[in-house]
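Residue numbers begin at 1 in each chain, while the letters A, B, ... track the order of the sequences.
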Amino acid sequence: MPAPEGSFHARVIAAVRGIPRGRVATYGDVAALAGRPRAWRAVGAIMSTCRIPSVPCHRVVGAGGRLGGYSDPLRKRRLLQDEGLVVGQRKIQQFDAVRWTAPGSEGR
DNA sequence: ATTTTGACCGTGC
DNA sequence: CGCACGGCCAAAA
């Protein structure tokens, strides 16, 4: 289990696990929730190792609502649509309306 | 310890 | 709106 407590990996997974169904977050958001708002790079690398089914890694999308990457891009698109999201051919519609924001991270 | 890579992001044309 | 370039962080070799 490649997720020692206190590691960036564990924090990222915890953040992704906190994304409810029908909602999406960008790599930058996940990185910020993980405590490293500038580590979206590492977040993507970690997601690539996302072999844990307990983590809805398909809810992590690129900035601006882009699908981003995935082992099976088509599958990711279908999963998001299955959760009630409107996905275009390359980007998510109403992205701002479905973008997941951590409790307390909103405007203040 | 240094170098390379990766499911990225933002800016410029 | 699409492509090219640079910058950034962490893990692996």
Next on the checklist: Contact between A:L80 and A:H58 at the side-chain level, heavy atoms closer than 4.5 Å - yes or no?
Outcome noted: yes

Checklist entry - With side chains defined as the heavy atoms from C-beta onward, is the minimum distance between A:R36 and A:F8 less than 4.5 Å? => result yes

What does the list of N/O pairs under 3.5 Å between the protein and nucleotides 1-5 of chain C look like, with a distance for each?
none

Show me the donor-acceptor pairs, under 3.5 Å and distance only, between side chains in residues 13-35 of chain A and residues at least two apart or in other chains.
| from | atom 1 | to | atom 2 | distance (Å) |
| --- | --- | --- | --- | --- |
| A:R21 | NH2 | A:D82 | O | 3.4 |
| A:T26 | OG1 | A:G28 | N | 3.4 |
| A:T26 | OG1 | A:D29 | N | 3.1 |
| A:T26 | OG1 | A:D29 | OD1 | 3.4 |
| A:T26 | OG1 | A:D29 | OD2 | 3.4 |
| A:D29 | OD1 | A:R99 | NH2 | 2.9 |
| A:D29 | OD2 | A:R99 | NE | 2.8 |
| A:D29 | OD2 | A:R99 | NH2 | 3.0 |

Which atom of [X] lies closest to which atom of [Y], heavy atoms considered:
| X | Y | value |
| --- | --- | --- |
| A:C57 | A:M47 | CB-CE, 3.3 Å |
| A:V61 | A:K76 | CA-NZ, 4.1 Å |
| A:P37 | A:W40 | O-NE1, 3.4 Å |

Next on the checklist: Are A:V55 and A:V12 connected into the same hydrophobic cluster when the rule is that any two of I, L, V, M, F, W, Y join if their side-chain heavy atoms are below 4.5 Å apart?
Outcome noted: yes

Item to check | Audit row: A:L85, A:F95, side chain to side chain contact (heavy atoms under 4.5 Å, CB included) steps and yes/no | outcome: CA-CA 9 Å; A:L85 299 175; A:F95 171 63; over 6 Å; no

Checklist entry - Does A:L79 sit in a hydrophobic cluster with other residues, and if so which ones, taking ILVMFWY side chains as linked at heavy-atom separations under 4.5 Å, directly or through other members? => result A:Y70

Item to check | Interface with DNA chain C, restricted to residues 63-83 of chain A and to heavy atoms under 4.0 Å | outcome: none

Every protein N/O within reach of nucleotides 8-10 of chain C N/O, cut-off under 3.5 Å:
| from | atom 1 | to | atom 2 | distance (Å) |
| --- | --- | --- | --- | --- |
| C:dC9 | O4' | A:R38 | O | 3.0 |
| C:dC9 | O2 | A:A42 | N | 3.3 |

Next on the checklist: Just checking A:Q94: does its CD atom have more than 12 heavy atoms from other residues, nucleotides or ligands closer to it than 6.0 angstrom?
Outcome noted: no

